[in-house]
Amino acid sequence: MREIVLDTETTGFDPESGDRIVEIGAVELYNHMPTGRTYHQYINPERSMPQEAFEVHGLGDEFLAQQPVFKQIAQDFLDFVADDSILVIHNASFDMKFLNAELGWLKLPQIPFDRALDTVAMARKKFPGSPASLDALCRRFNIDNSARTLHGALLDSEILAEVYLELIGGRQPGLVLASVERTNVASGGGVWKPKPRPTPLPSRLTEEERAAHAAFVAAMGENALWNRY
């Protein structure tokens, strides 16, 4: 079973008001294990970066002006997510809204919302009344997020993958989801250096447990209430 843990960074909160995506990061899981395959892209939003957004992710105008526009990367992104894998997203309505806005402006196929599995909704259901932010869940599950001084789409996807695996029943012992190395992003620039692709470890889930999780994912996709967070 293929799942893609995905995150975006943007210029603001509303694509209908002119906000755009500036970064996409995604981590591929197969049978709940990282394959080492990732997608990462900075994007030129063709507009200036508001200061409040810059303070969140540190991606500035000068750096982003050197990146491709969404039209140039759209097909590569669609190819990465094109096989109807479940998209695991923290606050899925936000990212899906932006992704489908960008695709819609280019008259490209949009991503059905029922493909999104919202980890905020999962956390709220599992821990009613408790904070469901990514940082709060890292504290709950004792996941190291010390590198998260600023938001970053690929780093956040890697952290979210660990959180997601805890939400569905626990990570593999010794699991490390660091498939890339990030440098100099705090200054508004940065590069990502792929590390050698690791050999996926065998899942410790039984066939029955995998079937139960597949049924769970299918049920969440059918339940619209889970997608309204």
Side-chain angles (χ1 to χ4, degrees), residues 2-15 19 21-29 32-34 38-41 43 53 55-59 77 80-81 85-102 111-171 175 177-180 182 185 213 216-217 219-221 223-229:
R2 184 174 187 254
E3 297 166 307
I4 297 171
V5 186
L6 184 145
D7 185 54
T8 66
E9 299 297 337
T10 69
T11 64
F13 297 103
D14 185 9
D19 286 316
I21 293 176
V22 296
E23 185 183 9
I24 303 173
V27 173
E28 181 185 66
L29 304 180
H32 316 307
M33 288 299 303
T38 63
Y39 176 88
H40 180 246
Q41 182 65 61
I43 300 164
E55 291 172 0
V56 171
H57 48 58
L59 299 175
F77 170 71
F80 188 79
V81 301
S85 301
I86 294 294
L87 304 182
V88 179
I89 307 174
H90 205 62
N91 192 16
S93 60
F94 179 88
D95 300 83
M96 293 292 286
K97 172 178 66 178
F98 269 92
L99 289 168
N100 280 330
E102 295 278 5
I111 302 170
F113 203 93
D114 61 8
R115 286 182 57 191
L117 183 62
D118 189 348
T119 50
V120 170
M122 292 176 67
R124 287 176 175 169
K125 184 175 179 68
K126 190 165 186 175
F127 308 112
S130 297
S133 70
L134 192 55
D135 285 337
L137 292 169
C138 285
R139 290 192 295 271
R140 174 180 288 276
F141 294 129
N142 196 28
I143 292 170
D144 181 10
N145 66 341
S146 58
R148 195 178 186 241
T149 55
L150 291 172
H151 288 223
L154 189 52
L155 177 61
D156 285 1
S157 293
E158 291 179 334
I159 293 171
L160 178 59
E162 295 193 61
V163 166
Y164 169 62
L165 294 176
E166 290 286 5
L167 286 170
I168 64 173
R171 289 172 288 169
L175 173 63
L177 281 158
S179 60
V180 295
R182 195 178 197 190
V185 176
H213 177 63
F216 168 80
V217 169
M220 291 308 98
N223 185 349
L225 291 176
W226 277 67
N227 295 319
R228 293 178 182 174
Y229 290 83

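No experiment lies behind these values; they were computed from the predicted model shown.
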Open item on the list: For a 4.5 angstrom cut-off between non-hydrogen side-chain atoms, does Thr10 reach Asp19?
Closed with: no
- [ ] Could you pull out all residues at least two apart from Asp135 that satisfy salt bridge (charged side-chain N to carboxylate O under 4.0 Å, His left out)?
- [x] Arg148
Task: Interatomic distance, Asn91 atom CG to Asp118 atom CG [nearest 0.5 angstrom] - done: 6.0 Å
TODO: Nearest 0.5 Å please: distance from the OG1 atom of Thr119 over to the NE2 atom of His90.
DONE: 5.0 Å
TODO: Give a yes or no answer on whether the side chain of Ser85 reaches the backbone of Ile4 with a donor-acceptor pair at less than 3.5 Å.
DONE: no
Task: From CD (Glu162) to CG (Asp144), nearest 0.5 Å - done: 8.5 Å
Open item on the list: Quick one, Met122 and Ile168 - any side-chain contact, counting heavy atoms below 4.5 Å?
Closed with: yes
Open item on the list: Are the side chains of Glu9 and Asp156 in contact, using a 4.5 Å heavy-atom criterion?
Closed with: yes
- [ ] State, with a plain yes or no, whether a side-chain heavy atom of Pro15 is found less than 4.5 Å away from one of Glu102.
- [x] no
TODO: Could you check if a side-chain atom of Leu137 sits within less than 4.5 angstrom of a side-chain atom of Glu166, using non-hydrogen atoms only?
DONE: no
Task: Minimal non-hydrogen separation, Phe80 against Arg2, with atom names - done: O-NH2, 2.9 Å
Task: Counterpart residues, ring pair (Phe, Tyr, Trp, His ring centres under 6.0 Å), relative to Phe98 (two or more places apart) - done: Phe94
TODO: Would you check if Phe77 and Leu6 make a side-chain contact, meaning some heavy-atom pair closer than 4.5 Å?
DONE: yes
Task: Test item: Val27 and Leu154 side chains (from C-beta on) under 4.5 Å apart, heavy atoms - done: yes
- [ ] Examine the side chains of Asp95 and Thr8 and answer whether a donor and an acceptor come within less than 3.5 Å of each other.
- [x] yes
Open item on the list: I need the Ile21 CD1 to Lys97 NZ distance, nearest 0.5 Å.
Closed with: 11.0 Å
Open item on the list: Using a 6.0 Å cut-off, check whether atom CZ of Phe127 has over 12 heavy atoms from anything other than its own residue.
Closed with: yes
TODO: Please identify each residue that fulfils salt bridge (charged side-chain N to carboxylate O under 4.0 Å, His left out) with Arg139, with sequence neighbours left out.
DONE: none
Open item on the list: Restricting to non-hydrogen atoms, name the atom on Gly25 and the atom on Ser157 that form the minimum distance, rounded to 0.1 Å.
Closed with: O-OG, 2.9 Å
Open item on the list: If I compare all heavy atoms of Ala132 with all of Arg124, which pair ends up nearest, and what's the gap?
Closed with: CB-CG, 4.0 Å
Task: Separation of Leu155 CG from His57 NE2 (nearest 0.5 Å) - done: 14.5 Å
Open item on the list: Has Arg115 got a side-chain atom pairing as donor or acceptor with Val81's backbone, closer than 3.5 angstrom?
Closed with: yes
Open item on the list: How long is the straight-line distance from CG of Leu29 back to CD1 of Ile86, given to the nearest 0.5 Å?
Closed with: 12.0 Å
TODO: State, with a plain yes or no, whether a side-chain heavy atom of Leu87 is found less than 4.5 Å away from one of Ile111.
DONE: yes
